[in-house]
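Notes follow the structure.
Since this is a predicted model, take the numbers as computed values, not measurements. Side chains included, hydrogens not; waters and symmetry mates left out as well; all remaining heavy atoms used. Protein chains get the first letters and strands the later ones, always in sequence-line order, with residue 1 at the start of each.
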Amino acid sequence: MFPYPSGQGLHVGHPEGYTASDIIARYKRMNGFNVLHPIGWDAFGLPAEQYAIKTGTHPRITTEANIANFKRQIKSLGFSYDWDREINTTDPNYYKWTQWIFLQLYKRGLAYVAEAPVNWCPALGTVLANEEVIDGKSEVGGYEVIRKPMRQWMLKITAYAERLLEDLDGLDWPERIKAMQRNWIGRSLGAEVDFALAPETAVHGNIRVFTTRPDTLFGATFLVLSPEHALVKAITTPECRKAVEDYCEQAAKKSDLERTDLAKTKTGVFTGAYAINPVNNKPTPIWIADYVLSTYGTGAIMSVPGHDTRDYDFAKAFNLPIIEVIQGGDLSKEAYTGDGLHVNSGFLDGLNVPDGKKKMTEWLEEHKVGKASINYKLRDWLFSRQRYWGEPFPILWDKNHQHHPLPEEQLPLTLPEVQSYEPSGTGESPLANITEWLKVGDMTRETNTMPQWAGSCWYYLRYIDPNNSEAPFSQANEKYWMPVDFYIGGAEHAVLHLLYARFWHKVLYDIGLVHTKEPFQKLFNQGMILAYSYKDQHGAYVHVDDVQKTENGAVRKSTGEPLTMQIEKMSKSRGNVVNPDDVVRDYGADSLRLYEMFMGPLDQVKPWDPDGVSGVNRFLARCWKLLVAQNEDKLHERVVDEPCDAETEMIRNVTIRKVGEDIENLRFNTGISAMMVYINALEKLPKVPRIAAETLVLVLSPYAPHIAEELWQMLGHTDCVSLAPWPKYDPAKCERNTVTIAVQVVGKMRGTFDIDRNAPEEEMVAAAKAIPAVARQLEGKNIVKTIIVPGKIINFIAK
RNA sequence: GCCGGGGUGGCGAAAUGGUAGACGCAGGAGACUUAAAAUCUUCUGUCCCCUGUGGACGUGCGGGUUCAAGUCCCGCCUCCGGCACCA
């Protein structure tokens with residue numbers, strides 16, 4: 001576990017994953033495993049910094065207070081964390097190694113400086129992180145955000161694109177997370193094609209395009225360059241210069257949002273220049289349009305309006321020719337992107353799309369005008385932030401603007417104290433104003449800091465050796481503990497954190513510091529917990545504390561006004577936040593834990609039901625009342641040292657098996673219901689055999705450790721139930737001697753009967769026919785066939 | 001549009017192709033109580049009748065496979081999440 005310690009404290013969504021992992025940890029310990037179940041703090045980040053800007057409080061102070069509050073809450077829930085391994089990304093002893101890992105990337109050429117467009121907010125005078133930009137506006141204040149190129153540190157994650165994609169296959173992760181990562185990496189197989197500039201062009205050379213449809217080359221009726229393409233200026237003819245310059249200027253001003261999400265109508269201008277289609281030597285006009293992205297492929301495309309919807313829209317808008325090269329569609333209406341036979345395509349005519357792609361790629365390579373090529377949507381990782389509350393880069397700049405790594409023995413490079421947390425105003429971080437920190441001889445320190453993802457990229461490795469001052473972690477510990485066997489977290493980290501961490505892990509693998517290609521073998525996402533919210537007639541939210549449920553639905557407590565109810569995300573503004581502190585106060589930590597698990601399947605989104613907590617609380621109370629004498633602090637006299645009767649022994653064995661299997665398979669909700677079934681049976685007994693009682697306490701203990709420890713002591717034990725071994729079951733005892741057989745006539749249920757599980761078939765058939773309802777259905781009919789499934793069902797096929 | 005995951009009582013849900021609705025919530029009836037809360041017992045998918053050891057229907061919709069389908073196959077509808085001018 002590695003939460004961000006926010007000022008809001010825990011909400012009931014946090015303990016869902018925490019409880020699940022704690023149950024597994026406790027269960028595995030009881031089964032003799034050495035379990036590493038750690039917790040630490042991902043404590044750099046924006047909220048503390050924003051608070052610092054507003055109030056002048058050092059982010060360290062805020063962070064420490066928030067961590068203290070989180071710890072208090074987490075400890076109140078009884079999670080069996082190894083607190084000796086607690087780590088904190090803002091601790092110099094930790095970020096020393098974050099900086100050290102950065103230097104390893106730097107040394108391998110995986111960190112570089114580039115002029116990259118960033119989110120510049122003129123109103124705030126600062127650069128914003130992507131997550132601070134909502135729908136093209138700053139999260140704070142709602143000011144306009146534009147794209148502005150600035151000097152940035154980049155990490156070359158694209159060098160690992162193929163491996164990041166390939167190695168997903170071997171992971172036990174939810175399919176949707178793998179799908180999201182595959183989608184994000186976005187591998188496309190296609191070809192690069194060179195179009196030579198026409199002889200009359202001002203410059204000579206090629207325009208290289210990337211296409212996934214080389215087979216449609218005969219249908220390419222124009223080329224489109226992105227406004228940022230390097231050749232735009234050089235090839236534009238004098239007549240077109242003004243229009244092109246205007247267009248490029250406009251495009252530069254637009255935010256990404258305006259260029260993509262909002263602008264579905266195509267815009268563009270003609271450059272006046274032509275290129276030669278290598279396959280048929282036809283002069284092809286070159287256009288500029290901002291629907292072509294400079295950051296993907298070669299920043300230039302061949303446009304095949306007949307068989308690409310975007311090109312079709314563009315051709316229609318500017319009245320450019322559309323040629324059919326694949327049969328099957330109606331080009332007067334729309335582009336045809338499906339499969340079909342090639343036409344108007346010379347040597348490809350008659351081939352289908354896959355064969356056409358192959359043949360054209362071969363032709364391009366043979367004639368040296370193109371080659372097969374793979375492209376990825378994945379971009380390099382913009383790794384710097386112009387902020388205070390992050391890891392400083394261990395980098396020095398010399399007078400010639402060359403960067404140099406800080407020697408490793410000088411790590412950690414700690415954050416200096418600053419007077420103000422405000423951005424410097426130039427787009428640089430507040431560190432730029434701390435002259436005594438900034439100047440090192442005639443060198444200058446890098447003033448950017450690392451993004452929050454940096455510290456969380458490798459925390460799981462620090463857990464295995466949290467106090468090591470010689471290395472990020474020891475090799476022996478890495479061999480012993482890695483990889484992470486089970487990682488539970490929210491789906492919001494599906495791509496960013498989980499992709500970045502996989503990237504760093506692979507770099508560490510290449511360096512030889514870790515022995516597995518992947519950090520997290522098994523991943524599971526808990527579903528979000530939602531809650532009922534209430535609105536009045538005007539649509540205004542009414543806080544749940546002011547809501548009363550009546551026969552006619554929810555009403556406002558104070559006025560009786562009827563309210564509408566809906567299930568939504570918990571938030572302060574909706575007045576539907578459930579605070580775990582309140583649940584612990586009213587019902588205790590065990591009830592909270594149990595209810596979190598009982599609500600439904602762990603991976604499902606589900607609403608919090610306040611009445612549901614009282615349900616599991618009742619269950620725990622019944623466990624207590626079964627074993628403990630009323631108003632006395634001792635074992636109830638109905639608990640006796642006697643063996644179980646056959647029925648009790650059967651259900652006891654079934655319960656051990658079911659609860660254990662359900663923990664292994666993360667089906668905590670059905671495991672709890674198995675315990676409920678078990679106690680329902682025990683409550684009916686006049687005497688409770690001690691072994692039956694102990695079994696109950698043992699299987700309950702991973703879920704509800706507090707009450708289980710108390711009951712364990714009542715049962716006379718002096719050691720902890722948490723240290724007791726998980727009970728064993730006998731598969732032979734999990735079956736009854738008599739079984740209930742269902743009887744169907746022509747597939748319809750007509751009754752049941754009980755019989756010895758080993759009874760001969762004739763006896764079963766006779767018993768089945770003896771059921772009055774069955775006999776009635778069979779009356780006057782011939783039994784054509786009798787299907788007997790031993791121990792389960794008999795089906796008479798009668799006419 | 002593309003990708004991924006769902007749709008079962010009033011609600012949360014359960015069901016290796018073999019008794020649909022376990023377990024819990026809410027609700028009804030009863031016990032205890034001066035009373036209420038708490039607790040305990042019991043009923044509770046819908047509909048029909050001759051009130052039973054009864055019948056019909058029922059897992060988003062329409063087909064199919066099978067002795068038997070919530071579960072498998074084909075075609076739809078719909079909701080949620082992600083991505084989205086990536087050529």
Side-chain angles (χ1 to χ4, degrees), chain A residues 174-180 182-184 186-188 190 209-213 216 224 259-261 263-266 289-293 295-304 307-311 313-314 337 375-379 491-492 494-495 525 527-528 532 549 551 567 595 598-601 603-616 618-619 621-622 625 667 669-678 680 683 740-753 770-777 784-789 791-798:
Chain A
E175 200 44 51
R176 67 194 196 100
I177 302 294
K178 290 207 247 183
M180 281 164 76
R182 287 194 187 104
N183 198 289
W184 192 263
R187 182 184 197 268
S188 290
V209 303
F210 172 73
T211 178
T212 55
R213 294 294 303 277
T216 60
V224 186
R259 277 181 67 159
T260 57
D261 293 7
K264 291 296 179 191
T265 47
K266 298 282 181 287
D290 64 5
Y291 82 91
V292 174
L293 308 175
T295 47
Y296 183 78
T298 61
I301 62 160
M302 64 180 215
S303 205
V304 185
H307 306 285
D308 180 285
T309 50
R310 298 151 301 185
D311 297 345
D313 293 345
F314 192 82
T337 55
N375 257 292
Y376 301 91
K377 279 199 241 178
L378 185 70
R379 308 289 152 82
E492 67 272 17
V495 273
N525 293 125
M528 213 192 319
Y532 293 97
K549 281 188 194 163
E551 289 165 17
I567 294 172
Y595 180 62
F598 189 60
M599 290 171 78
D603 57 351
Q604 205 159 295
V605 175
K606 51 223 165 220
W608 185 270
D609 175 10
D611 292 325
V613 189
S614 60
V616 294
R618 257 197 290 270
F619 163 69
R622 282 162 57 198
K625 279 187 287 188
R667 292 186 303 235
N669 54 327
T670 52
I672 294 168
S673 76
M675 291 188 253
M676 289 172 168
V677 170
Y678 183 49
N680 286 347
E683 279 176 335
T740 302
I741 307 285
V743 184
Q744 297 182 340
V745 179
V746 200
K748 290 215 186 239
M749 265 292 299
R750 297 297 171 183
T752 62
F753 66 93
I771 297 170
V774 174
R776 215 175 303 135
Q777 293 293 330
V784 185
K785 199 176 170 187
T786 304
I787 289 152
I788 302 172
V789 182
K792 291 247 169 86
I793 205 161
I794 293 181
N795 190 1
F796 294 112
I797 312 305

Looking for any heavy atom pair under 4.0 Å, which part of the strands does [X] touch: base, sugar-phosphate only, or nothing?
X      : value
A/R622 : sugar-phosphate
A/Q777 : sugar-phosphate
A/Y678 : nothing
A/P174 : nothing
A/K625 : sugar-phosphate
A/N375 : nothing
A/G297 : nothing

[M] and [N], which share atom name [atom1], separated by this distance in whole Å:
N     : M     : atom1 : result
B/G64 : B/A69 : C1'   : 11 Å
B/C61 : B/C79 : C1'   : 15 Å
B/U8  : B/A15 : C1'   : 10 Å
B/C11 : B/C3  : C1'   : 32 Å
B/G7  : B/A68 : C1'   : 24 Å
B/U65 : B/C49 : C1'   : 36 Å
B/G55 : B/U34 : P     : 48 Å

Comparing nearest nucleotides in RNA chain B, the 5'-proximal residue of the pair A/K792, A/R213 is A/K792
### Query
With nearest nucleotides of RNA chain B determined for A/P607 and A/I797 from heavy-atom distances, which residue corresponds to the more 5′ nucleotide?
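With A/P607 and A/I797 compared, the 5'-side residue is A/P607.
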- Message: Tell me if the side-chain of A/N795 makes a donor-acceptor pair with the base of B/C67, cut-off 3.5 Å, by modelled atom types.
- Response: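 Such a pair exists between side chain and base.
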Can you tell me the Watson-Crick or wobble partner of [N], both distances under 3.5 angstrom?
N     : answer
B/C72 : B/G64
B/G30 : B/C40
B/C57 : B/G45
B/C2  : B/G82
B/C11 : B/G24

Could you tell me how far apart [X] ([atom1]) and [N] ([atom2]) are, to the nearest whole angstrom?
X      : N     : atom1 : atom2 : answer
A/Y296 : B/A84 : OH    : P     : 13 Å
A/I771 : B/U19 : CD1   : P     : 15 Å
A/F598 : B/A14 : CZ    : C1'   : 10 Å

Between [X] and [N], is there a side-chain N or O to OP1/OP2 distance below 4.0 Å?
X      : N     : answer
A/N680 : B/G24 : yes
A/R776 : B/G52 : no
A/R182 : B/C2  : no
A/Q604 : B/G6  : no
A/R750 : B/A56 : yes
A/K748 : B/C57 : yes

Heavy atoms of A/E175 and A/R182 approach each other most closely as OE2-NH1, 3.4 Å
| For the side chain of A/M180, counting heavy atoms from C-beta on, which of B/G82, B/A87, B/G18 is nearest? |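 Closest of the options to the side chain of A/M180: B/G82.
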Per atom distances to the A/K377 side chain, the nearest of B/C83, B/G81, B/C3 is B/C83
Practice item. Answer yes or no: is there a donor N or O on one side and an acceptor on the other, between the side chain of A/N795 and the main chain of A/G747, under 3.5 Å? Key: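 Indeed, once roles are kept as given, a pair shorter than 3.5 Å links the two residues.
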Q.
Quick check against the 3.5 Å criterion: does A/K606 have a side-chain atom that pairs as donor or acceptor with the backbone of A/P601?
A. yes
Between the NZ atom in A/K625 and the CZ atom in A/R622, the distance rounded to the nearest 0.5 Å is 8.5 Å
